[in-house]
Amino acid sequence: MPLSPLPRSFYDHDSRILAPLLLNKVLVVGERQARIVEVEAYAAAEDPASHAYRGPTRRNATMFGPPGHLYVYFSYGMHWCANVVSGGRLDGHAVLLRAGAPVAGVEAMRAARPAARRDRDLCSGPARLCQALGITGADDGSDLVVASAEGPWLGEDGTPPPRRPGRSARIGITKAVDHRWRWFVAGDTNVSR
DNA sequence: CTTTGGATCGTCT
DNA sequence: GACGATCCAAAGG
């Protein structure tokens with residue numbers, strides 16, 4: 001099936017509802033495509049681990065805009081990470097894209113990530129995924145509903161989300177550690193360690 | 001295989 | 001001024 005964008009309404013849900021529905025969707029940047037295999041939900045005001053916990057700031061402004069856009073932030077002084085803005089308008093919900101399976105443009109991904117020894121290492125982490133696809137702060141705010149030639153967008157190729165996704169606590173955070181808001185495609189080798 | 005520490009800087013307090 | 005929604009190379013078993 002050819003790749004087609006999803007309607008705005010697809011994104012207009014609580015992040016914990018949208019997160020598992022993003023599994024097996026395809027993130028596209030130019031010729032590069034990666035199937036989403038791991039995500040985490042961040043629930044704004046009710047989630048101390050969320051960048052949106054304390055309300056709107058310069059950095060997280062995109063999270064407080066309409067759903068279906070990409071929130072990209074700079075992490076640890078050297079990495080970019082990407083989220084899909086969800087929820088209704090003005091509530092700050094988002095879903096972190098943590099890993100993908102390379103689908104197309106694999107040569108370009110290898111060139112962008114010389115440190116990756118195997119292809120399974122190309123997109124197996126939130127910063128790795130962005131590096132492989134060439135996503136940076138310049139892409140913050142991109143509209144994923146519009147299939148653009150250059151910028152990032154999100155496509156659907158007919159593959160449904162897993163009927164029974166893997167689920168666990170979120171990774172790499174120090175607050176609200178107990179919530180099991182991470183979902184992944186069970187058994188997929190591209191899921192981060 | 002697992003563990004450990006260094007890199008590096010925008011953001012908010 | 002402190003702290004990350006991380007990654008990688010190196011060292012040890």
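Note on naming: letters A, B, ... go to the chains in the order of the sequence lines (proteins, then strands), and numbering restarts at 1 for each one.
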Which nucleotide, [options], lies nearest any side-chain atom of [X]?
X	options	result
A:Tyr42	B:dT13, C:dA5, C:dC7	C:dA5
A:Cys81	B:dC9, B:dT11, C:dT6	C:dT6
A:Ala127	C:dA5, C:dC7, B:dA7	C:dC7
A:Ile173	B:dG10, C:dA5, B:dA7	C:dA5
A:Arg59	B:dT11, B:dT13, C:dT6	B:dT11
A:Ala115	B:dC12, C:dC8, B:dC9	C:dC8
A:Thr174	B:dT8, B:dC9, C:dG4	C:dG4

Reckon A:Arg170 touches a base, only the sugar-phosphate, or nothing at all at heavy-atom distances under 4.0 Å? nothing

Please classify the nucleic acid contact of A:Tyr76 as base, sugar-phosphate, or nothing, using heavy-atom distances under 4.0 Å. base

Rounded to whole angstroms, how far apart are [atom1] on [X] and [atom2] on [N]?
X	N	atom1	atom2	result
A:Tyr53	C:dA5	OH	C1'	16 Å
A:Met78	C:dA5	CE	C1'	15 Å
A:Arg54	C:dA5	CZ	P	12 Å
A:Leu96	C:dA5	CG	P	10 Å

Give a yes/no answer on whether the side chain of [X] brings an N or O atom under 4.0 Å of OP1 or OP2 in [N].
X	N	value
A:Arg98	C:dT6	yes
A:His79	C:dC7	no
A:Arg117	C:dA9	no
A:Arg193	B:dT2	no

Student check: side-chain heavy atoms of A:Trp153 and A:Val146 closer than 4.5 Å: no

Is there a side-chain contact between A:Arg182 and A:Ser192 in this structure, where contact means two heavy atoms from C-beta onward sitting under 4.5 Å apart? yes

Heavy-atom neighbours of A:Tyr53 OH exceed 12 at 6.0 Å: no

Quick check: are there more than 12 heavy atoms from other residues, nucleotides or ligands sitting under 6.0 Å from CZ of A:Arg54? no

With a 6.0 Å cut-off on ring centres, are A:Trp80 and A:Tyr73 close enough? no

The Watson-Crick or G-U wobble partner of C:dG12, with both key distances under 3.5 Å, is B:dC1

Would you say the base of C:dA5 stacks on A:Tyr73 (centre-to-centre below 5.5 Å, plane angle below 30°)? no

If you assign A:Ala82 and A:Arg113 each to the DNA chain C nucleotide with the nearest heavy atom, which residue ends up on the more 5' nucleotide? A:Ala82

